[in-house]
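The block underneath contains the structure these notes are about, expressed in structure tokens.
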Amino acid sequence: MLLPSLSVIVGLVLLIWSAERFIDGAASTSRWLGLSPLLIGMLVIGFGTSAPEMTVSVLAAAQGNPGLALGNAYGSNIANIGLVLGTVALITPLAVHSSVIRKEMPLLLVVTLLSALTLLDGVIARWEALTLIVILVAFITFSIVRSKYQQEEDPLVQEVAESLDSKPMSLKVSLLWTLVGLVLLIASSRLLVWGAVEIALSFGVSDLIIGLTVVAVGTSLPELASSISALRRREHDLVLGNVVGSNLFNTLGVVGLAGLIMPIETGREVLMRDWSVMTGMTVLMILFAFAWRGRKRRINRVEGGMLLAMFIAYTAYMISLVVLA
């Protein structure tokens with residue numbers, strides 16, 4: 001039990017550090033290659049924050065633990081909204097200015113609702129996983145086309161440019177950090193997956209539960225770190241964009257890739273418990289972020305506290321399942 005626990009701790013620390021290096025390097029490299037700030041913010045940074053979830057889930061599925069992959073994806077979505085967004089909004093209310101993000105949030109809700117269809121028969125088959133990947137590719141293609149015609153006045157564009165300016169890198173350094181980050185992401189994910197599976201076996205619980213708790217929170221820590229860093233620079237739209245982009249990629253890309261490698265068996269509790277919590281928090285995030293009945297477009301401290309409280313309650317319940325197993 002000691003060795004698996006150390007493996008999880010070391011794996012998480014390396015995962016957090018390498019994810020930050022990978023995102024910084026990839027974003028800077030993309031800028032050197034001429035990608036627009038909007039595209040970097042939406043795809044490279046937004047999806048890049050899901051790199052830990054992707055590497056962990058792909059390795060878990062490849063090693064015969066698809067439940068860990070699904071738990072990691074859905075659990076990370078819950079942690080992104082409850083832990084990351086809730087904590088950040090408690091520190092400072094988040095103003096929502098970007099029209100791009102306001103258009104992406106309803107899309108996230110549609111994707112989340114559609115994902116329920118893959119859970120109804122108790123298994124995410126390869127053809128369903130492929131469908132998720134196709135939707136993701138279509139979204140990326142649409143984003144690339146839209147970035148060519150998007151006006152530069154969108155606040156997200158300015159915030160991404162300021163974020164990149166705060167961490168200047170040469171092309172060589174950018175490529176180096178991208179490569180180092182990627183290699184360490186894979187190595188740390190292997191450590192984390194092995195430790196998590198061993199702990200699950202020791203407690204006699206499913207790898208799904210471990211994926212929804214320890215692994216999900218751990219892989220969401222890079223989002224929390226980058227969001228707090230963006231908050232210090234008053235880049236509110238970038239914070240929300242990270243969460244929306246990451247959750248889109250988790251639901252489509254992470255689950256899709258894992259399901260392509262190995263079909264994922266899903267018990268009824270995944271739909272009734274985990275998907276329902278994830279969907280409910282997604283709906284609340286959208287309601288809080290949009291202006292209606294004269295309210296401002298922002299997530300205030302009370303609303304952030306509600307999201308964080310929901311995350312704490314859900315996590316406490318999941319831990320009780322482990323303790324009482």
Side-chain angles (χ1 to χ4, degrees), residues 22-23 26-27 29-30 33-55 57-58 61 66 69-70 72-74 76-77 80-81 98-121 123-152 154 156-157 160 223 237-238 240-264 266 271 275 278-279 281-283 285-286 289-290:
F22 174 75
I23 294 168
T29 300
S30 300
L33 294 176
L35 268 69
S36 70
L38 179 63
L39 205 56
I40 294 173
M42 291 168 56
L43 301 182
V44 180
I45 298 177
F47 286 178
T49 52
S50 284
E53 287 90 342
M54 183 180 69
T55 52
S57 295
V58 167
L70 181 64
N72 182 28
Y74 284 6
S76 291
N77 284 359
N80 285 345
I81 297 174
S98 173
S99 62
V100 173
I101 294 173
R102 293 200 301 272
K103 291 173 183 175
E104 281 192 5
M105 282 193 287
L107 175 62
L108 173 61
L109 179 59
V110 170
V111 166
T112 303
L113 292 172
L114 286 175
S115 67
L117 299 177
T118 66
L119 304 174
L120 291 176
D121 60 355
V123 62
I124 300 177
R126 282 194 171 93
W127 72 267
E128 292 172 317
L130 181 60
T131 302
L132 295 177
I133 295 295
V134 169
I135 295 173
L136 177 63
V137 172
F139 171 73
I140 292 173
T141 303
F142 171 74
S143 298
I144 293 172
V145 172
R146 181 174 61 178
S147 70
K148 295 180 179 179
Y149 301 100
Q150 180 70 32
Q151 293 183 352
E152 293 296 307
D154 192 277
L156 182 62
V157 174
V160 171
E223 279 98 330
D237 288 304
L238 191 55
L240 192 57
N242 282 348
V243 170
V244 173
S246 178
N247 283 20
L248 271 171
F249 190 78
N250 288 342
T251 306
L252 297 173
V254 173
V255 176
L257 285 172
L260 276 178
I261 295 171
M262 174 177 285
I264 306 173
T266 61
L271 179 62
W275 178 87
M278 178 178 72
T279 304
M281 294 180 77
T282 301
V283 170
M285 175 184 68
I286 294 171
F290 274 74

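Because only heavy atoms are used, hydrogens play no part in the values below, and waters and symmetry mates are left out as well, while side chains stay in. Numbering of residues begins at 1 and proceeds along the displayed sequence. None of the values given here were measured: they were computed from a predicted structure.
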Taking C-beta and beyond as the side chain, do [X] and [Y] meet within less than 4.5 Å on heavy atoms?
{"X": "Glu53", "Y": "Phe249", "answer": "no"}
{"X": "Glu128", "Y": "Leu117", "answer": "no"}
{"X": "Leu119", "Y": "Tyr74", "answer": "yes"}

### Query
Has the side chain of Trp275 got a donor or acceptor atom that lies under 3.5 Å from a matching backbone atom of Leu113?
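No; judged by distance alone, with no hydrogens or angles, the pair does not exist.
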
### Task
Under the side chain to side chain donor-acceptor pair (under 3.5 Å) rule, collect the residues that match up with Thr118, sequence neighbours excluded.
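By the side chain to side chain donor-acceptor pair (under 3.5 Å) rule, Thr118 matches no residue at all.
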
### Non-neighbouring partners of Thr55 that pass side chain to side chain donor-acceptor pair (under 3.5 Å), sequence neighbours left out
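With neighbours one apart ignored, the set is Ser189.
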
#### Entry: Pair Val111-Leu248, side chain to side chain contact (heavy atoms under 4.5 Å, CB included): steps then yes or no
CA-CA 7 Å; Val111 166; Leu248 271 171; 4.0 Å; yes

For a quick test of reading the model, state the closest non-hydrogen atom pair linking [X] to [Y] and the distance between them.
{"X": "Met105", "Y": "Ala289", "result": "CE-CB, 3.6 Å"}
{"X": "Ser115", "Y": "Met278", "result": "OG-CE, 4.4 Å"}
{"X": "Ile124", "Y": "Ala129", "result": "CG2-N, 4.3 Å"}

#### Entry: Inter-residue atom distance Thr266.OG1 - Leu70.CG, 0.5 Å rounding
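Thr266 OG1 to Leu70 CG: 7.0 Å, rounded to 0.5 Å.
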
Donor-acceptor list for residues 251-261 side chains, cut-off 3.5 Å, not counting sequence neighbours:
| unit_1 | atom_1 | unit_2 | atom_2 | d |
| --- | --- | --- | --- | --- |
| Thr251 | OG1 | Asn77 | ND2 | 2.9 |
| Thr251 | OG1 | Asn247 | O | 2.8 |

### Donor + acceptor pair across side chains of Asn250, Ser76 (<3.5 Å)
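The criterion, which ignores hydrogens and geometry beyond distance, is not satisfied for Ser76 and Asn250.
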
